[in-house]
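Below, chain A is the first sequence line, B the second, and so on; all start at residue 1.
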2 protein chains.
Amino acid sequence: MSRRSGILEFAVLGLLRESPMHGYELRKRLNTSLGVFRAFSYGTLYPCLKALVASGWLIEEPGSAPEDARAASLAGRRAKIVYRLTAEGKEHFEELLAHSGPDAWEDEHFAARFAFFGQTSRDVRMRVLEGRRSRLEERLEKMRASLARTRERLDDYTLELQRHGMESVEREVRWLNELIESERTGRDMRKGSAPQDTSGDADGIPRDGDSSRPGPSDDTTK
Amino acid sequence: MSRRSGILEFAVLGLLRESPMHGYELRKRLNTSLGVFRAFSYGTLYPCLKALVASGWLIEEPGSAPEDARAASLAGRRAKIVYRLTAEGKEHFEELLAHSGPDAWEDEHFAARFAFFGQTSRDVRMRVLEGRRSRLEERLEKMRASLARTRERLDDYTLELQRHGMESVEREVRWLNELIESERTGRDMRKGSAPQDTSGDADGIPRDGDSSRPGPSDDTTK
DNA sequence: TTCGTCATGTAATGGGTTACATGATTAC
DNA sequence: GTAATCATGTAACCCATTACATGACGAA
């Protein structure tokens, strides 16, 4: 009878912990700010919100009604239903944050976890980062093994695809190594530290500065 | 009444075009050799095969029966049901290869297309690569815009996640640029060309040479 | 003879999107 | 007053996984 997606539930709870919001805005945050890692549609989000309310993690509040307009000082936006995290919800989220089980190192789950590292204790952060890393190293070994086994009977394109895939994974491992090192040495995120990777903007990516696009909506629904 | 996954259908047809196979083996190829990009389970594969047979793209052949053992000279493996591409199936696959619609630039779809570039005409290859690239550039612009809009109100971890995500996309764009250049100048895949990226094994990935793992199965089912 | 892998299948379930239906509010 | 965007929802479908059921073969 419910939509227990895990990752969506987690992300919603996490976003609402920062501040109450209504569904529409929530979805935008999911897809942009926090996003990149996953786009959810309303058909997923709204039922999930209802389920969370039913569980007692959230309560619905009527958004500023037409009458008491301008009551909303900062958001400047009228809203229908604002969702607010309950005490139980907060507690529940805290528990979720503390867990660092094997599910937490899968691609999307990991991204969601990482996005809320700001509210996660250092030791849990370490466990998650290291878990993710060894997950990726497993994957790498499998890829290497399979590549070694089949190398000769594959055409160049298949090979190239595989090579690129492996490099992507290796790159993420390096990234995790840096992050883990950062955590270990205590400096809290490489804020202004020297970019030792020349990463910035090195190569031939056409800037193609067409910012004059109509861009009517921020919405990723399409 | 059927399982028209598109990408699975495409991949199955493509693999069977090279040589007839039975389901079990097909799945392994999907997950390893050709794989990396997607793992399908039997619950997906078998019904799909049935559907393809019903469509007339495939025919089932009895695999070498217990009696006439050793009939299978090369594969050295007994098989139950071997699937073979029909003439219509071949034709159908050819058509699919020729299409280069917008669906073809989405992540998984693109990987599947790329895996069969060996059987794709050069101009279609170009269209797919360029389509993919502009798809990614769109995505980049969106990310940049959203980042610019929200930069200050995000914590360091969220920011770092976003930065890493963008770099990943930028990296794929560079990769595509190289591939497109290769196609354009005619040299057919950077076969033995000098690795201009020092890619090989540069950075701190612990080799962790534990090849003595039990590793009972190649199976990615888990 | 038992265990591991090869091999084929199906029903229940999960998790999500699409398309649709509806309406309020703002900007022009 | 009309178009665009904000805002909420639902039903129908899609794609795929999980867990289960079944069985043959080879090696220890």
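Of all nucleotides listed (dT17(D), dT8(C), dC6(C)), dT17(D) comes nearest to the side chain of Phe40(B). Checking dA7(C), dG16(C), dG9(D) against every side-chain atom of Tyr46(B), the shortest atom distance belongs to dA7(C). Comparing atom distances between the Thr44(B) side chain and each of dT17(D), dC6(C), dT8(D) picks out dT17(D) as nearest.
If you look at Trp105(A) and Phe114(A), their ring centroids are not closer than 6.0 Å. For Phe116(B) and Phe10(B), the distance between ring centers is under 6.0 angstrom.
Computed from coordinates, the Glu9(A) CD to dG15(C) P distance equals 11 Å when rounded to whole Å. Taking atom CD on Glu108(A) and atom P on dG16(C), their separation rounds to 8 Å, with Å as the unit. We find that CZ of Arg27(B) is positioned 12 Å from C1' of dT18(D), with the value rounded to whole Å. Asp107(B) places its CG atom 17 Å from the C1' atom of dC15(D), with the value rounded to the nearest Å. In this entry the distance linking OH of Tyr83(B) with P of dT8(C) reads 7 Å, nearest Å. One atom, CD1 of Ile81(A), and another, P of dG23(C), lie 15 Å apart when rounded to the nearest Å. For the pair Leu26(B) CG and dT8(C) C1', the computed distance is 13 Å after rounding to whole Å. Separating the CG atom of Leu45(A) from the C1' atom of dA7(D) is a distance of 12 Å, rounded to the nearest angstrom.
Atom CG in Leu52(A) sits 7.5 Å away from atom CG in Leu8(A) (nearest 0.5 Å).
At dG16(C), none of the side-chain N or O atoms of Ser41(A) fall inside 4.0 Å of OP1 or OP2 (strictly under the cut-off). In this model, the phosphate group of dC6(D) is approached by a side-chain N or O of Tyr24(A) to a distance below 4.0 Å at OP1 or OP2. Within the structure, a side-chain polar atom (N or O) of Arg38(A) is placed less than 4.0 Å from OP1 or OP2 of dG16(C). Put simply, Lys50(A) has a side-chain N or O that comes within less than 4.0 Å of OP1 or OP2 on dG9(D). Between Tyr42(A) and dT8(D) there is no side-chain N or O to OP1 or OP2 distance below 4.0 Å.
A donor and an acceptor atom, one from each side chain of Ser19(B) and Arg84(B), are nowhere located under 3.5 Å apart.
Nearest approach of Leu58(B) to Thr86(B), heavy atoms of both residues: C-CG2, 3.7 Å.
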